[in-house]
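Scope of the values below: all heavy atoms of this structure, side chains included, with no hydrogens, waters or symmetry mates. So that the names make sense, note that chain A is the first sequence line, chain B the second, and so on, each numbered from 1.
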Number of protein chains: 2
Amino acid sequence: MSTDAATARLAFEVVKTACSNCNLRELCLPIGLPPEELRRLDELVSTRRRLKRGDHLYRAGQAFESIYAVRSGFFKTDVLIEDGRDQVTGFQMTGELLGLDGISSEIHTCNAIALEDSEVCAIPFSHLESLSRQIHTLQHHFHKVMSREIVRDHGVMMLLGTMRAEERLAAFLLNLSQRFKARGYSPAEFNLRMSRDEIGSYLGLKLETVSRAFSRFQEDGLLAVHQRKVRILNTAGLRKLMTHQRG
Amino acid sequence: MSTDAATARLAFEVVKTACSNCNLRELCLPIGLPPEELRRLDELVSTRRRLKRGDHLYRAGQAFESIYAVRSGFFKTDVLIEDGRDQVTGFQMTGELLGLDGISSEIHTCNAIALEDSEVCAIPFSHLESLSRQIHTLQHHFHKVMSREIVRDHGVMMLLGTMRAEERLAAFLLNLSQRFKARGYSPAEFNLRMSRDEIGSYLGLKLETVSRAFSRFQEDGLLAVHQRKVRILNTAGLRKLMTHQRG
DNA sequence: TGCCGCGTTTGATCCACGTCAACCCCGGGC
DNA sequence: GCCCGGGGTTGACGTGGATCAAACGCGGCA
């Protein structure tokens with residue numbers, strides 16, 4: 001990334017947070033809102049917050065007050081139980097929401113950690129609720145977002161419950177690919193922001209198994225991997241591997 | 001809650017569908033609503049629906065219009081993918097909601113099937129949204145319910161991703177036990193409404209493995225099993241097995 | 001430039017669970 | 001009463017992925 005352009009932008013960037021001039025609004029919460037309602041949304045997002053790679057956005061056990069929209073960067077969420085075991089429950093990228101799990105008990109139930117330098121918009125939840133009482137479309141959209149999270153989780157349960165290692169990794173890569181595509185990036189070539197260990201945790205596999213699956217895919221000409229750089233060479237092959245296989 | 005009021009209410013129960021005189025309201029959606037708001041909720045639940053064991057409440061692919069509250073009975077939800085694989089994503093009992101997954105795309109993404117003769121209240125979703133725009137507490141409660149579903153799913157992901165067979169079954173049984181208890185039934189003795197195969201599907205195991213785990217628990221004096229009748233003899237033992245074990 | 005450390009790869013072995021198969025139990029229909 | 005069928009149990013065996021262990025490569029730092 002060009003550093004002087006970046007610094008220049010930063011220098012002039014207005015600190016004021018506003019949805020109405022956010023270039024992510026097609027991905028984020030205000031999706032499809034008419035302009036006048038969009039303007040009312042500006043009062044919603046109170047603050048932005050910058051995080052460096054490795055920083056916690058919130059931790060399990062902390063009081064829940066806001067949900068967060070990823071403006072830039074990449075996150076993981078994980079839960080851990082007493083005996084030391086933990087599991088990555090999701091990876092969040094630009095335009096996706098974090099913190100929905102905290103609503104139920106007013107306490108965050110997982111950790112959210114930046115996998116690269118990132119920026120988020122904090123959305124105080126009580127504000128969101130009161131505004132969504134006034135704006136039907138916002139309310140409905142928010143419900144859809146929560147529901148989509150439930151559907152996504154069902155997909156992961158399916159993956160963990162019925163798929164074998166290579167199918168899981170294929171499904172994971174195709175999902176990432178499609179999300180990068182939706183954000184205007186290449187669906188075929190991208191950098192993984194997470195380690196083999198984190199992928200394994202998310203997929204219910206050990207890091208060695210993930211590594212072996214990557215090697216296998218490379219041997220089979222499905223993709224080219226170099227460290228965290230992935231290029232998908234045969235999407236159809238991955239997709240077939242994901243669904244088919246097994247009697 | 002005044003108990004004689006409760007019994008009197010039961011004795012005179014009218015067949016009319018109404019939240020305000022439903023004895024489940026401490027479990028269901030209107031939890032904690034003040035009386036006057038509870039009365040307004042009555043307009044919400046339009047119809048009841050009876051189902052026999054094996055009936056579908058809804059099917060994946062059908063248009064989504066309502067969510068459902070279980071009034072009596074027992075349900076499972078499952079998803080299936082092209083190649084024939086399927087997975088049970090949850091079991092729902094009295095007072096729990098069904099259909100939240102359909103909000104995101106206006107289409108149900110899973111099947112809901114009665115595991116015994118059951119009765120549900122249908123709650124047209126658009127009504128719920130409009131009423132929750134007027135009643136803050138209803139809105140907030142609904143958000144909590146959705147969030148709780150997400151948290152529950154994370155728990156299942158944890159289970160599927162990190163636990164071994166006997167730990168999964170122990171976690172499952174303890175969860176059922178606690179839910180029966182919350183409904184005023186014995187937490188120690190209950191009838192399973194689902195087959196070994198359905199338990200296995202939910203837990204990401206084969207039915208033989210579930211069966212063996214049951215036998216093992218019985219050998220170890222943790223519980224007494226006869227067919228679908230389960231009696232928990234050593235809750236602490238189950239809990240220890242669930243968390244501990246594995247380095 | 002060379003050293004160090006962490007993330008990754010790869011190989012050898014082990015084991016939990018899946019698979020296949022036989023048998024049992026119980027309930028329902030005739 | 002008998003038969004039949006579906007769910008459940010149990011055993012023998014196979015295997016996918018975990019575990020253990022070694023070596024590699026790259027980036028950071030002196």
Side-chain angles (χ1 to χ4, degrees), chain A residues 52-54 76 84-88 113 115-116 159-173 191-220 223-230 241-242 245-247, chain B residues 52-54 76 84-88 113 115-116 159-173 191-220 223-230 241-242 245-247:
Chain A
K52 313 195 68 162
R53 177 186 154 85
K76 72 167 178 181
R85 277 180 283 190
D86 67 339
Q87 170 138 11
V88 172
I113 298 151
L115 293 182
E116 60 183 27
L159 179 148
L160 292 171
T162 74
M163 291 187 181
R164 52 189 54 220
E166 294 185 5
E167 299 177 89
R168 295 186 198 186
L169 186 62
F172 173 70
L173 291 171
N191 271 87
L192 299 172
R193 267 67 169 191
M194 69 296 281
S195 69
R196 299 289 189 264
D197 194 33
E198 288 164 332
I199 296 174
S201 174
Y202 182 61
L203 299 179
L205 302 169
K206 291 289 145 180
L207 67 95
E208 293 96 327
T209 306
V210 174
S211 177
R212 275 183 246 272
F214 268 122
S215 302
R216 187 93 210 296
F217 287 175
Q218 182 138 345
E219 280 171 35
D220 296 353
L223 40 86
V225 201
H226 185 63
Q227 304 286 110
R228 298 193 175 183
K229 185 133 207 144
V230 172
L241 196 157
M242 191 186 88
Q245 192 127 307
R246 174 195 201 89
Chain B
K52 313 196 67 163
R53 179 186 153 83
K76 70 166 178 182
R85 278 181 282 190
D86 68 339
Q87 170 138 10
V88 172
I113 298 150
L115 294 182
E116 60 184 26
L159 178 149
L160 292 171
T162 74
M163 291 187 181
R164 53 191 52 217
E166 294 185 5
E167 300 176 271
R168 295 185 199 187
L169 186 61
F172 173 70
L173 291 172
N191 272 86
L192 298 171
R193 267 67 170 192
M194 68 296 280
S195 68
R196 300 289 188 265
D197 194 33
E198 287 163 332
I199 296 174
S201 174
Y202 182 62
L203 298 179
L205 300 170
K206 292 290 145 178
L207 67 95
E208 293 95 328
T209 305
V210 174
S211 178
R212 275 184 246 271
F214 268 121
S215 302
R216 188 92 210 296
F217 287 174
Q218 182 138 343
E219 280 171 35
D220 295 353
L223 39 87
V225 202
H226 184 62
Q227 304 286 110
R228 298 193 177 184
K229 185 135 205 142
V230 172
L241 195 157
M242 190 187 88
Q245 192 127 307
R246 175 196 201 91

Going by the rule side chain to side chain contact (heavy atoms under 4.5 Å, CB included), which residues pair with [X] if we only count those two or more places apart in sequence or in a different chain?
X	value
A:Glu116	A:Phe74, A:Ser118, A:Arg193
B:Ser195	B:Asp197, B:Glu198, B:Arg228
A:Thr209	A:Ala165, A:Leu205, A:Lys206

If I take atom [atom1] in residue [X] and atom [atom2] in nucleotide [N], what distance separates them, rounded to the nearest angstrom?
X	N	atom1	atom2	result
B:Leu203	C:dA16	CG	C1'	16 Å
A:His226	D:dC24	NE2	C1'	12 Å
B:Leu169	C:dC17	CG	C1'	14 Å
A:Leu160	C:dC17	CG	C1'	16 Å

Set of salt bridge (Lys or Arg N to Asp or Glu O under 4.0 Å) partners for A:Arg216, sequence neighbours left out
A:Glu166, A:Asp220

How long is the straight-line distance from CG of B:Leu241 back to CG of B:Leu169, given to the nearest 0.5 Å?
9.5 Å

Decide yes or no for [X] and [Y]: does some side-chain heavy atom of the first lie under 4.5 Å from some side-chain heavy atom of the second?
X	Y	value
A:Tyr202	A:Val210	no
B:Asn191	B:Gln227	no
B:Phe214	B:Leu192	yes

Protein-nucleic acid N or O pairs under 3.5 Å, nucleotides 7-9 of chain C:
unit_1 : atom_1 : unit_2   : atom_2 : d
C:dT8  : OP1    : A:Arg228 : NE     : 3.2
C:dT8  : OP2    : A:Arg196 : N      : 3.0
C:dT9  : OP1    : A:Arg196 : NH2    : 3.1
C:dT9  : OP2    : A:Arg196 : NE     : 2.8
C:dT9  : OP2    : A:Ser211 : OG     : 2.7
C:dT9  : O5'    : A:Ser211 : OG     : 3.2

Detail all sub-3.5 Å separations between protein N/O atoms and N/O atoms belonging to nucleotides 14-17 of chain D.
unit_1 : atom_1 : unit_2   : atom_2 : d
D:dG17 : OP1    : A:Ala165 : N      : 2.7

